[in-house]
Amino acid sequence: MTARSFTLALAAGLIGGFAAAPSWAQDYPAHAVRIIVPFGAGGPADVAARLIGNVFQESFGQPFVIENRTGAGGVIGTVEAAKSPADGYTLLMMSNTQTANESLLTPDKRKYELMRDLAPIAPVNYSDLVIVVNPQVPVKTLAEFIALAKAQPGKLNYASSGQGTPYHMAGELFKAMAGIDIVHVPYRNSGEARSGVIGGQVQMMIDAVPAMAPNIAENQVRPLATTGKQRSAVLPNVPTTGEAGVAGYEATIWLGLMAPAGTPRPVIDKLNAAVNAMVKRPDIVKLWTEQGAVPMSMTPQEFEKFLRGDIEKWADVVKKFDKS
């Protein structure tokens, strides 16, 4: 091959490569996509993932299959997603569990680094939490619960869906700010934790408003406070933790989508656009409003900045826990 023919062939290859990128993105997805949910069925992440799967299947004409890969506080499913091919056909539904785990768990226990091994796509929504107790616990207000806990240090316990989950972190933050000693009881998933407090195996739980509201309506648990700055539209008669006596306390659960690092940018952008279109749909906004969830909308770059900021926030909180 002459130098001239080599140069022409190289140029043709480069041009072909550039031309293929938009076409490849336009063709995506060409077959089924799986969304790994590293949490149990019935929790906020699972419910949101299934809604996304249905909407995306309508939009893209391909199945989006939900796979629950639970265990180790979200680590098992996150590792599986991180080690999957970076082709856009494996996505991860994640939450502030993953950003908290960056500080709670050492790299050898995580077996991944969030911002190295996964690429941000888009946030989905956030929800306030609600502090509830089993109806047999002899308290009617948050102040009464705090007083009971102070009178019996180490005797009361609270449930969560696992180490490092938003509910665990919210519980530890509540303990620190209220000055009480209650014991954390981690369950394998939110459903089991919820059953634990309803059945009386544990006294208290902090859970997402959309997930716990039906149990409150059935009088299976007693709500003491919600964790947002303002009262929940779903539970307007329940005071915030600030109103109930723990000034400055605030906790939420947010959800987002990520993909294995190296997933082509056109695919990331296409999925980001689809999420942002979905969270603005009037029917979905109405549904989430009724459930107590608030849509979130960002570019991949904005979501990356958000994730890095959340990692730093929880690192500071974990340091405070360690000191206490």
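Below, each value reflects all heavy atoms present in this structure, side chains not excepted, and no hydrogens, waters or symmetry copies.
Without hydrogens or angle criteria, K270 side chain to Y28 main chain gives a donor-acceptor distance under 3.5 Å. In this structure a side-chain-to-backbone donor-acceptor pair under 3.5 Å is present from T165 to G162. Counting only distance, with no hydrogens or angles, the side chain of N157 and the backbone of V185 share no donor-acceptor pair below 3.5 Å.
Heavy-atom contacts from other residues, nucleotides or ligands closer than 6.0 Å to CD of Q301 number more than 12. At most 12 heavy atoms of other shown residues, nucleotides or ligands fall within 6.0 angstrom of atom NZ in K83. Within 6.0 Å of CZ on R188 lie no more than 12 heavy atoms contributed by other residues, nucleotides or ligands.
Taking all atoms of both residues into account, the shortest heavy-atom contact from D87 to T90 is OD1-N, 4.2 Å. Closest heavy-atom contact between D128 and Q230: OD2-O, 4.1 Å. The nearest pair of heavy atoms linking Y249 to M177 is N-CE, 3.6 Å. When all heavy atoms are compared, the tightest approach of P135 to R222 is O-NH2, 3.1 Å. Summarising the geometry of V234 relative to E290, their closest heavy-atom pair is CG2-O, 3.2 Å, with the distance given to 0.1 Å. Residues M212 and D207 come closest through the heavy atom pair CE-OD2, 3.6 Å.
No donor-acceptor contact under 3.5 angstrom links the side chains of R231 and T240, judged on distance only. Using modelled atom types, one finds a donor on one side chain and an acceptor on the other under 3.5 Å when comparing N276 with S297. Between the side chains of D108 and T106, at least one donor N or O lies within less than 3.5 Å of an accepting N or O. Remark: the T99 side chain and the R308 side chain contain no N/O donor-acceptor pair separated by less than 3.5 Å.
Checked against the 6.0 Å centroid threshold, F174 and Y158 do not count as a close aromatic pair.
In summary, of the residues considered (T78, V75, D46), a side chain to side chain contact (heavy atoms under 4.5 Å, CB included) with P38 occurs for T78 alone. Of the listed residues (Y89, F64, F60), just one forms a ring-ring contact (aromatic ring centres under 6.0 Å, His included) with H31, and that residue is Y89. Test S232, P210, P166 against S127 for side chain to side chain contact (heavy atoms under 4.5 Å, CB included) and you get one pass: P210.
Note that CH2 of W288 is 4.5 Å distant from CG of N125, once rounded to the nearest 0.5 Å. Distance CZ/R34 to CD1/I36: 4.0 Å, rounded to 0.5 Å. Going from atom CG of L104 over to atom NE2 of H168 covers 6.5 Å, rounded to the nearest 0.5 Å. Residue I216 holds its CD1 atom at 11.5 Å from CG of N237, rounded to the nearest 0.5 Å. Rounding to the nearest 0.5 angstrom, the gap separating the OG1 atom in T226 from the CD atom in E250 is 10.5 Å. A distance of 6.5 Å separates NZ in K150 from CD1 in I146, rounded to the nearest 0.5 Å.
Between V65 and V33, the closest side-chain pair of non-hydrogen atoms is not below 4.5 Å. Between S161 and F39 the shortest side-chain heavy-atom distance does not fall below 4.5 Å. Here the side chains of Q57 and Q62 are not in contact, with every heavy-atom distance at 4.5 Å or above. Between Q98 and M258, the closest side-chain pair of non-hydrogen atoms is not below 4.5 Å.
In terms of hydrophobic clustering, with Ile, Leu, Val, Met, Phe, Trp and Tyr side chains grouped at heavy-atom distances under 4.5 Å, V133 and Y187 are assigned to different clusters. Side-chain heavy atoms closer than 4.5 Å link hydrophobic residues (I, L, V, M, F, W, Y) into clusters, and following such links, possibly through other members, connects L105 to M115.
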Evaluate the side-chain contact (heavy atoms from CB on, under 4.5 Å) criterion for residues V197 and Q203: first the C-alpha distance (whole Å), next the side-chain angles of each, then the deciding distance (0.1 Å), finally the verdict. CA-CA 6 Å; V197 72; Q203 285 81 44; over 6 Å; no
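The pair D310-K313 meets the salt-bridge criterion, with a side-chain N (NZ, NE, NH1 or NH2) lying under 4.0 Å from an Asp/Glu carboxylate O. Taking 4.0 Å as the cut-off between side-chain N and carboxylate O, E172 and K175 count as a salt-bridged pair.
The aromatic rings of F303 and W254 lie perpendicular to each other, with more than 60° between the two planes, well past the 30° mark.
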